[in-house]
Amino acid sequence: MKNSEIIDQLNQISKNTLIETLGIKFISFTEDSLIAELEVCSKVLQPMNFLHGGTSLALAETIGSCLSMTTTNLDENYVFGSEVNGYHLKPVKEGKIIAIATFIHKGRSTQVIEINIFNEIEGKKFKNCFVTMINRIVKKDRIK
């Protein structure tokens, strides 16, 4: 599948999910990285009008999960986040943010992904995150 087709597919499966609610859009994919963007608007702010930390963690887990999905046969396995953490380096109030996910470890059953999130206005990194993903075999008789 072409990289542009993978981006289209990721954006398509995001409809009617938290990903769409937050406004996350996938914009670029390579075999080892995925890039997404999110517009900072009132629905993703905390009460003091800064980007909510949960928003950027949701962005990190989303892009990490989706990068992991690109290496997984989804007919046979599910991909689950087992751990996510992030370090806030600077506050953000407006503009677009860009998240870049890259593999640190790309195994068959686990992946570790680093996500750096940048403020497009300043071009500076404001958050550094790590996501650990696990692949589990699908047991179709257990799915309801």
Side-chain angles (χ1 to χ4, degrees), residues 1-41 43-46 50-144:
M1 189 178 296
K2 293 181 184 177
N3 291 358
S4 61
E5 292 172 334
I6 290 171
I7 291 295
D8 291 342
Q9 188 176 39
L10 289 173
N11 284 316
Q12 186 64 33
I13 66 171
S14 299
K15 292 185 183 209
N16 299 313
T17 69
L18 177 66
I19 301 165
E20 182 180 55
T21 300
L22 293 176
I24 297 169
K25 301 281 186 222
F26 299 98
I27 58 174
S28 181
F29 168 75
T30 69
E31 186 176 308
D32 290 314
S33 68
L34 181 62
I35 301 174
E37 64 184 17
L38 182 148
E39 187 71 38
V40 177
C41 61
K43 69 182 177 182
V44 298
L45 299 178
Q46 40 95 309
F50 290 98
L51 180 67
H52 193 290
T55 301
S56 50
L57 278 176
L59 172 59
E61 185 164 2
T62 296
I63 192 170
S65 296
C66 289
L67 181 59
S68 183
M69 285 171 47
T70 66
T71 67
T72 303
N73 179 342
L74 297 176
D75 291 329
E76 297 175 4
N77 294 311
Y78 282 126
V79 177
F80 293 102
S82 66
E83 190 263 340
V84 60
N85 68 57
Y87 303 95
H88 299 281
L89 307 172
K90 298 181 76 157
V92 173
K93 288 191 98 162
E94 62 185 357
K96 195 178 285 183
I97 59 175
I98 307 295
I100 303 171
T102 54
F103 283 107
I104 293 174
H105 168 72
K106 191 186 335 183
R108 281 185 298 121
S109 60
T110 62
Q111 295 86 37
V112 179
I113 300 161
E114 181 176 22
I115 300 97
N116 290 297
I117 308 177
F118 298 85
N119 177 336
E120 187 180 58
I121 292 173
E122 296 177 1
K124 293 184 179 178
K125 180 166 53 171
F126 74 90
K127 187 152 187 151
N128 182 246
C129 301
F130 297 90
V131 176
T132 303
M133 302 300 300
I134 56 173
N135 292 334
R136 291 289 182 239
I137 295 173
V138 173
K139 295 191 179 182
K140 297 199 185 271
D141 61 329
R142 299 177 97 189
I143 303 170
K144 302 214 184 236

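Since the model is a prediction, treat every value here as computed from it, not as a measurement. Positions are given from 1, in the same order as the sequence printed here. The basis for the numbers below is simple: all heavy atoms, side chains too, and nothing from hydrogens, waters or symmetry mates.
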Asker: Any side-chain to backbone donor/acceptor pair from Ser82 onto Ile134? Under 3.5 Å, distance only.
Answerer: no

Asker: Minimum heavy-atom separation for Ala101 to Leu67, with atom names?
Answerer: O-CD2, 3.7 Å

Asker: Among Ile100, Val92, Ile97, which residue meets the side chain to side chain contact (heavy atoms under 4.5 Å, CB included) test with Phe118?
Answerer: Ile100

Asker: Is a side-chain N or O of Asn135 found less than 3.5 angstrom from the main chain of Arg108, in a donor-acceptor match?
Answerer: yes

Asker: Would you name the heavy atoms of Met133 and Gly81 that are closest together and state the gap between them?
Answerer: CE-N, 3.4 Å

Asker: Is the side chain of Lys43 donor-acceptor paired with the backbone N or O of Thr21 at a distance under 3.5 Å, no angle test?
Answerer: yes

Asker: Would the distance check show the side chain of Thr72 and the main-chain N or O of Ser68 forming a donor-acceptor pair, the cut-off being under 3.5 Å?
Answerer: yes

Asker: Which distance, rounded to the nearest 0.5 Å, do you find between the NZ of Lys106 and the OG1 of Thr71?
Answerer: 6.5 Å

Asker: Could you point out which residue of Val84, Asn85, Ile113 forms a side chain to side chain contact (heavy atoms under 4.5 Å, CB included) with Phe130?
Answerer: Asn85

Asker: Is there a side-chain contact between Asn119 and Lys124 (heavy atoms, below 4.5 Å)?
Answerer: no

Asker: When rounded to the nearest 0.5 angstrom, what distance separates CD in Glu83 from OG1 in Thr110?
Answerer: 12.0 Å

Asker: Return yes if some donor-acceptor pair links the side-chain N/O of Ser14 with the main-chain N/O of Leu10 below 3.5 Å, else return no.
Answerer: yes

Asker: Write down the atom of Asp75, the atom of Asn73, and the distance for their closest heavy-atom approach.
Answerer: N-OD1, 2.9 Å

Asker: Report yes or no: does Glu20 contribute a side-chain atom to a donor-acceptor pair with the main-chain N or O of Asn16 at less than 3.5 Å?
Answerer: yes

Asker: Which of these passes salt bridge (charged side-chain N to carboxylate O under 4.0 Å, His left out) with Glu122: Lys93, Lys90, Lys96?
Answerer: Lys90

Asker: If you measure from CG on Leu57 to OG1 on Thr62, what distance do you get to the nearest 0.5 Å?
Answerer: 10.5 Å

Asker: Looking at side-chain heavy atoms only, is the closest gap between Met69 and Ile13 below 4.5 Å?
Answerer: yes

Asker: Closest approach of His88 and Ser56, non-hydrogen atoms and distance?
Answerer: CE1-OG, 4.0 Å

Asker: With the side chain counted from C-beta on, respond yes when Leu18 and Ile24 share a heavy-atom pair under 4.5 Å apart, and no when they do not.
Answerer: no

Asker: Heavy-atom distance under 4.5 Å between the side chains of Phe26 and Ile19, does that happen here?
Answerer: yes

Asker: Are the side chain of Asn11 and the backbone N or O of Lys25 linked by a donor-acceptor pair below 3.5 Å?
Answerer: no

Asker: CD of Glu39 to CD of Glu120: how many Å apart, nearest 0.5 Å?
Answerer: 8.0 Å

Asker: Could you tell me which non-hydrogen atom of Ala36 sits nearest to which non-hydrogen atom of Leu59, and how far apart they are?
Answerer: CB-CD1, 4.3 Å

Asker: Around atom CD of Glu31, are there more than 12 heavy atoms of other residues, nucleotides or ligands at under 6.0 Å?
Answerer: no

Asker: For the atom pair OG (Ser33) and CZ (Phe103), what is the distance rounded to the nearest 0.5 Å?
Answerer: 9.5 Å

Asker: So Thr102 and Asn116, side-chain contact (heavy atoms from CB on, under 4.5 Å) or not? Walk me through it.
Answerer: CA-CA 9 Å; Thr102 54; Asn116 290 297; 5.6 Å; no

Asker: Which heavy atom of Gly86 sits nearest a heavy atom of Cys129, and at what distance?
Answerer: CA-SG, 3.8 Å

Asker: Contact between Val44 and His52 at the side-chain level, heavy atoms closer than 4.5 Å - yes or no?
Answerer: no

Asker: For residues Val131 and Ile115, determine if any side-chain heavy atom of one lies less than 4.5 Å from a side-chain heavy atom of the other.
Answerer: yes

Asker: When rounded to the nearest 0.5 angstrom, what is the spacing between CD1 in Ile98 and CD1 in Ile35?
Answerer: 8.0 Å

Asker: Does Glu94 CD have over 12 foreign heavy atoms under 6.0 Å away?
Answerer: no

Asker: Would a 4.5 Å heavy-atom cut-off, applied to side chains only, mark Leu34 and Ile7 as touching?
Answerer: yes

